[in-house]
Amino acid sequence: MLHKILLVDDEQELLSILKRSLSRQGYVVHTASSGEEAWKALSETMYDLIVSDLAMEPMGGLELLKQVRTIDSILPFIIMTGAGSIETAVDAIKLGAYHYITKPFKTQELALLARRAIEHGELHRKLESFNAQEEDDQTGAMVIGNNAVIQQMMNTVDKVSGSDAPILIQGETGTGKSMFAKRIHLASSRADKPFFTIDCGALTENLLESELFGHVKGAFTGATRAKRGLLEEAQGGTIFLDEIGELSPSTQVKLLRAIQELEIKPVGGNTPINIDVRFLSATSRNLDEGVETGEFRKDLYYRLAVIPLRLPPLRERQDDLLLFVDHFVRKFNTRYNKDVTELSPSALQMLMDSPWKGNIRELENVIERAVLLSDDNIITLDSLCTNARTCAQNKYENPSQPVELKSAVEKAEISAIRQALAVAEGNRSKAAKILGIGRRTLYDKIDTYNL
Ligand SMILES: Nc1ncnc2c1ncn2[C@@H]1O[C@H](COP(=O)(O)OP(=O)(O)OP(=O)(O)O)[C@@H](O)[C@H]1O
């Protein structure tokens, strides 16, 4: 099968050169000279790869990537960037780009990257059906962790599992809000009924309302058939409203009515429909601020946040970091048929020191890449740093730099204890055995280091 590549750049000359070179490699290459043109092409053809320039007007590469991700979470995307825009390229990776390539580059470089990206995409697609199954298992295999805040949140969730109390989950992007929402649903009495997610930030106001409330035939141009809304489809189950902070004022009013009266009216219709759903919602924005500035209705906020939860960023749950690393290594070992069993000390240190601005999602991506790239079943600093993230490699590779002995020892002890606890799945007696110290000593150290 011939693979199809969509090349997007506003520099015609570069487009022709790249088209020629990639066509010679046996690809079917289409070109677009703007983000808009690319978006249109995507509605007509299924591509195996998009290679797009970053800086284009009015729709740039990042914008295009975001749009693409609303319709396809796998389609590999390579960003071409000028030397000055590395930061934005890093953002692109966080948004799900496969890689970036800095201009000027050799056409062979792009060809190599394109081949890898397409293989990567194909592998992901093959695993799609397996993933759909795994998605359910994933929540089962969710890392709960030992972190005190998380433990407390789990207690709260269990306490209200029998009620339909709406829960609002706040937290930075990638902290696991969607996963947590699914976990809440599975722990509730509605577990065997549908669970639907709707991303309030990804749809226009009209589309979102039609998705939520449904529409009658002829409600708007293109509404050739009546359609049931998700709130009706989810009867008996749970609806998860992701990025709730993005709701427009008018949709806020309609949603408030739906929650208060448990009744909806499809767009363009007059007949109310009774609904029986539990509302879970999440936001990565500071919703309190939105309420203060009047952007978000206070009454809706209180309706949604009967139980407010805040998922801590990964940097505030360092005690769970190794559990996540272990979990993702296993996950990607299975997915890619690898057998990674070790982390080099410098890789471990780097993982511990990283700020993880993209939280668990970023860590998952980093580990996925590292597992894929690992040789000899060990994750080295190298395999972590091939990622486009800023990786101050020297810091870890240069052990001769003077360090304060006491803090170095403490750091080493802390990471050894964390690793042992992770391996022992939180069982302290087992961890003490692994470390070769007494249980009492381990307890004392856990206390001293506040682990
Ligand atoms: N507790 C967890 N255990 C295992 N994996 C997790 C956990 N939390 C999150 N993940 C993984 O991290 C990734 C991001 O999680 P999720 O989509 O739930 O975050 P989010 O906070 O909803 O992100 P966003 O704000 O961008 O919507 C997912 O791929 C998920 O599999």
Side-chain angles (χ1 to χ4, degrees), residues 62 65-66 69-70 73-74 91-97 124 127-128 130-154 157 167-187 195-203 238-247 280-287 308-335 351 354 356-371 422 425-426:
L62 273 194
L65 170 59
K66 275 193 211 157
R69 285 291 167 258
T70 62
S73 59
I74 293 177
D91 287 346
I93 299 281
K94 285 188 184 151
L95 282 172
H124 264 229
L127 289 157
E128 211 174 13
F130 163 71
N131 284 347
Q133 155 102 43
E134 197 197 32
E135 219 179 292
D136 279 335
D137 300 349
Q138 241 188 33
T139 359
M142 177 181 166
V143 177
I144 306 292
N146 301 319
N147 180 268
V149 178
I150 296 290
Q151 288 289 343
Q152 212 172 357
M153 282 173 65
M154 296 306 292
V157 167
I167 299 183
L168 172 71
I169 311 167
Q170 306 205 51
E172 290 176 14
T173 177
T175 44
K177 298 185 292 299
S178 310
M179 199 169 215
F180 208 80
K182 188 78 194 284
R183 169 68 176 69
I184 294 173
H185 168 73
L186 291 177
F195 173 85
F196 286 129
T197 296
I198 185 152
D199 185 344
C200 304
L203 301 172
T238 306
I239 186 106
F240 172 50
L241 306 158
D242 202 3
E243 294 308 340
I244 190 84
E246 306 301 320
L247 280 189
L280 300 180
S281 48
T283 175
S284 46
R285 279 178 42 173
N286 186 341
L287 216 48
L309 298 178
R310 190 176 292 274
L311 273 176
L314 187 54
R315 62 186 171 280
E316 284 173 24
R317 52 185 300 201
Q318 275 267 352
D319 40 354
D320 288 338
L321 189 104
L322 286 173
L323 287 180
F324 280 116
V325 172
D326 182 64
H327 172 74
F328 293 134
V329 167
R330 282 169 203 265
K331 173 170 164 178
F332 295 116
N333 268 344
T334 313
R335 183 175 290 183
L351 288 171
S354 179
W356 300 118
K357 293 218 172 86
N359 293 297
I360 304 172
R361 178 178 296 112
E362 187 188 358
L363 175 68
E364 185 172 5
N365 289 346
V366 167
I367 299 294
E368 178 172 9
R369 246 164 244 247
V371 168
E425 293 177 340

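Just follow the structure's listing: the first ligand is 1, and inside any ligand the first atom is 1. Because the structure is a prediction, the values reported are computed rather than measured.
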What do you reckon, does [X] have a nitrogen or oxygen under 3.5 Å from a nitrogen or oxygen of ligand 1?
X	value
Gly176	yes
Thr175	yes
Val143	yes

Determine whether more than 12 heavy atoms belonging to other residues, nucleotides or ligands lie under 6.0 Å from atom CD of Glu425.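 For Glu425, atom CD is not crowded (no more than 12 foreign heavy atoms under 6.0 Å).
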Show the atoms of ligand 1 that are less than 4.0 angstrom away from any heavy atom in [X].
X	value
His327	4 (C)
Glu243	25 (O)
Met142	1 (N), 2 (C), 3 (N)
Phe328	5 (N)
Asp242	27 (O)
Glu364	11 (C), 12 (O), 13 (C), 28 (C), 29 (O), 30 (C), 31 (O)
Thr173	24 (P), 25 (O), 26 (O)

Nearest 0.5 Å, what's the [atom1]-[atom2] distance between [X] and [Y]?
X	Y	atom1	atom2	result
Ile167	Ile184	CD1	CD1	4.0 Å
Arg183	Leu186	CZ	CG	8.0 Å
Ile367	His327	CD1	NE2	11.5 Å
Asp242	Ile198	CG	CD1	10.5 Å

Residue list, ring-ring contact (aromatic ring centres under 6.0 Å, His included) with Phe195, at least two apart or on another chain: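 His185.
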Considering only heavy atoms, does [X] approach ligand 1 within less than 4.0 Å through its side chain, its backbone, both, or neither?
X	value
Phe180	neither
Met179	both
Ile144	neither

Out of Gln170, Glu362, Lys177, who gets a non-hydrogen atom closest to atom 25 (O) of ligand 1?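 The nearest heavy atom belongs to Lys177.
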Only one of Leu280, Leu168, Val149, Val157 clears side-chain contact (heavy atoms from CB on, under 4.5 Å) with Leu309; which?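 That would be Val157; it is the only one of Leu280, Leu168, Val149, Val157 passing the side-chain contact (heavy atoms from CB on, under 4.5 Å) with Leu309.
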Mind checking whether [X] and [Y] have side chains closer than 4.5 Å, heavy atoms only?
X	Y	result
Phe332	Arg335	yes
Phe324	Glu364	no
Trp356	Arg315	no

Measuring from the heavy atoms of Gly174, does anything fall under 4.0 Å of ligand 1?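 Yes, Gly174 has a heavy atom closer than 4.0 Å to ligand 1.
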